[in-house]
**Student:** 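Take a look at the following structure, please.
Letters go in sequence order (proteins before strands), and every chain restarts at 1. Heavy atoms only: backbone and side chains are in, while hydrogens, waters and symmetry mates are out.
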Amino acid sequence: MSKLEEGLYDLGRLDRLAFLDTPVHRLDPRAKVVTTLVYLVCVVSFGKYDVLPMLPFVLYPVVLAADGALPLGFLARKLIAVAPFAVLVGIFNPALDREVLLHLGSLGISGGWVSFVSILVRFFLTTIAALVLIATTSFSGVCVGLRRLGVPDVMVTQLLLLYRYIFVLGEETMRMARARALRSFDDRGMGLAVYGQILGHLLLRTYARAGRLYQAMLARGFDGEVRIVRALRFTWRDVAFTSGWSALFVVMRVYNVPLLLGRFMTGLIS
Amino acid sequence: MSHHTIDVTGLGFSYPDGTAALEDVSFHIGHGESVAIVGANGAGKSTLLMHLNGFLMPARGTVNIGGTPVAKGTLADIRKTVGMVFQDPDDQLFMPSVFEDVAFGPMNLGQSPAEARQAALDALEAVGASGLEQKIPAYMSGGEKRLAAIAGVLAMRPEVIAFDEPTSDLDPVHAARVEGLVGELRRQGEYGLVLSTHDLDLAARIADRVVLLKEGSIIAEGPPRELFYDVDLLKGVGLIEPRVVRLWRELCRRTGRDPGPRPLTETEFVAALADGGRA
């Protein structure tokens, strides 16, 4: 299986997980979207040298994954697969910021290394929260939630179509890649020029499909607004979920919970 | 809009690159009639179909649906009347789930969510696709997608349904299922059906009338029993007669039977055979 096929399969698996029936899955998408947004804002608003205060935030995705019966191994593999991007973002920090910020015994640790770890933790938390949101809500559910929360229709429509046609485009890419591979031997037919032509063809095919798709939408009365039939109900459970978690996130953002716990524990011991 | 007839008069169309796609095309489709537009690849079938609900506007001539001319100002009404099932269902199924996709048209017609939901459920049941509601189009088979696409059009309750190559790319079971569905719609007599196809076997089984296209012009028009037994005519437009026709002609040639009954379907063939070839 090619990397592209694996990627599409994993995307499909996330969607299938969203069809599980657990208390987390049954929550209104708006509740999960708002809660996740609060979570993301809290996580990304930490200072560049903050590491420890962010750690309690792991509670949210872990609790939701456990309650939602999500396979942690699968989520971990997805995290590892995209981790190189985070590493790439932060890898130059140790070289650029050499001022020693803290000591572990006799070992001085520079601000660059601390900020690098901070980026990795931030990446881990935000990505796992997004994965858990989609695996418990589905991408389309997230879009419906965003729409009902007042996000402009044109943006939601773009997201919906983008997600729907990722698969079609992916399959077309795979077919073209296979056709190329079947007629390429040694190094011939593998060059960048061929990839350029494949990309050009993909662009033309995408353009043609977009035209047909738009016609199909017009044929069924599309007038610029995508009307979705799915009914949503925001119940007291959703209110409790959103307000409870959001309050906890704010507390964890304002107070350095690990530090307070440490002081409390050491105070108890002494 | 009165009684779902289609009148095409002197229709001509050229693509922007100058390719003449249709030239002086005229025909009429009556209420409840099932008409197959047949021709070889590039004959102009799809271009003609796209004029029936205003995807393409006539460069010359007119297209009238139930007395209303296809024009920019009438497109909304025209598209309520003429539903179109696309050749590639991936072009048509763009919503996240089958149910939402089938309900898309009814919602745009101004139905309430409850009405749209019921229309979608009814349409899915009508095509035998109940149970696919929550499926995600990306993970469905070609046959399932085609049924869902047809349901999406049926849910709008149009008066005319245009099918672009309805059974292409389907396995025999799904092709038979789609054909059975089109046949059922024909029997109900509630819809005008227009099929663009180069599958003459299919056209022979489900069309009341056939329009033969060649290089954008109508070469002949009439009942399939008449046109499909005119081998020279079919050869002239780059088509081969349906299998049953070929078999019957060969049988008559070898045995000296009376070719009179002119069977078009397997059932008619067997009946004619049992009848000893007598008219």
**Student:** Ring centres under 6.0 Å, that's the criterion: do B:F104 and B:F94 meet it?
**Tutor:** yes

**Student:** Sort B:I136 into side chain, backbone, both or neither according to what part of it lies under 4.5 angstrom from a heavy atom of chain A.
**Tutor:**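 Only the side chain of B:I136 comes within 4.5 Å of chain A.
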
**Student:** How long is the span from the CG atom in B:L195 to the CD1 atom in B:I206, to the nearest 0.5 Å?
**Tutor:**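 Reported to 0.5 Å precision, the distance equals 4.5 Å.
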
**Student:** Which answer fits A:L161, side chain, backbone, both or neither, if we ask what part of it has an atom under 4.5 Å from a heavy atom of chain B?
**Tutor:**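 Just its side chain gets close to chain B.
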
**Student:** Just one of A:L149, A:V144, A:V151, A:T242 clears the side chain to side chain contact (heavy atoms under 4.5 Å, CB included) bar with A:V33, so which one?
**Tutor:** A:L149

**Student:** Is the distance between the ring centroids of A:W245 and A:Y60 less than 6.0 Å?
**Tutor:** yes

**Student:** Could you tell me if the side chain of A:M176 sits less than 4.5 Å from the side chain of A:L202, heavy atoms only?
**Tutor:**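 Yes, at least one pair of side-chain atoms sits under 4.5 Å.
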
**Student:** Check each atom of A:F19 against the heavy atoms of chain B and say whether the ones under 4.5 Å are side chain, backbone, both or neither.
**Tutor:**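 Only the side chain of A:F19 comes within 4.5 Å of chain B.
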
**Student:** Quick one: pull up CG in B:L52 and CG in B:L11 and give me the separation to the nearest 0.5 Å.
**Tutor:**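 Answer rounded to 0.5 Å: 9.0 Å.
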
**Student:** If you look at every heavy atom in A:K32 and A:V24, which pair is closest and at what distance?
**Tutor:** NZ-O, 2.9 Å

**Student:** Is there a donor-acceptor contact under 3.5 Å from the side chain of A:D67 to the main chain of A:L64?
**Tutor:** no

**Student:** Tell me, for B:A138 versus chain A, whether the close heavy atoms (under 4.5 Å) come from the side chain, the backbone, both or neither.
**Tutor:** both

**Student:** Give each N or O donor-acceptor pair spanning chain A and chain B at a distance under 3.5 Å, with atom names and distance to 0.1 Å, or state none.
**Tutor:**
residue, atom, partner, partner atom, Å
A:G12, N, B:Y139, OH, 3.4
A:D15, OD2, B:Y139, OH, 3.4
A:R164, NE, B:L93, O, 2.6
A:R164, NH2, B:D90, OD1, 2.8
A:R164, NH2, B:L93, O, 3.0
A:Y165, OH, B:D90, O, 2.6
A:R209, NH1, B:D88, OD2, 3.3
A:R209, NH1, B:D91, OD1, 2.8
A:R209, NH2, B:D88, OD2, 3.4
A:R212, NE, B:D91, OD1, 3.4
A:R212, NE, B:D91, OD2, 2.5
A:R220, O, B:N108, ND2, 3.0
A:R220, NH1, B:D101, O, 2.7
A:R220, NH1, B:D101, OD1, 3.2
A:R220, NH2, B:Q92, O, 2.9
A:R220, NH2, B:D101, OD1, 2.7
A:R227, NH1, B:N108, OD1, 2.6
A:V229, O, B:R117, NH2, 3.0
A:R230, NE, B:E100, OE2, 2.6
A:R230, NH2, B:E100, OE1, 3.0
A:R230, NH2, B:E100, OE2, 2.8

**Student:** Which atoms of B:L93 come close to chain A, meaning under 4.5 Å heavy atom to heavy atom: side chain ones, backbone ones, both, or neither?
**Tutor:**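 It is both, since atoms from each part get that close.
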
**Student:** Can you tell me how far apart CG (A:L79) and OG1 (A:T127) are? Round to the nearest 0.5 Å.
**Tutor:**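 A:L79 CG to A:T127 OG1: 6.0 Å, rounded to 0.5 Å.
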
**Student:** Quick check on B:M50 against chain A: is it the side chain, the backbone, both or neither that has a heavy atom closer than 4.5 Å?
**Tutor:** side chain

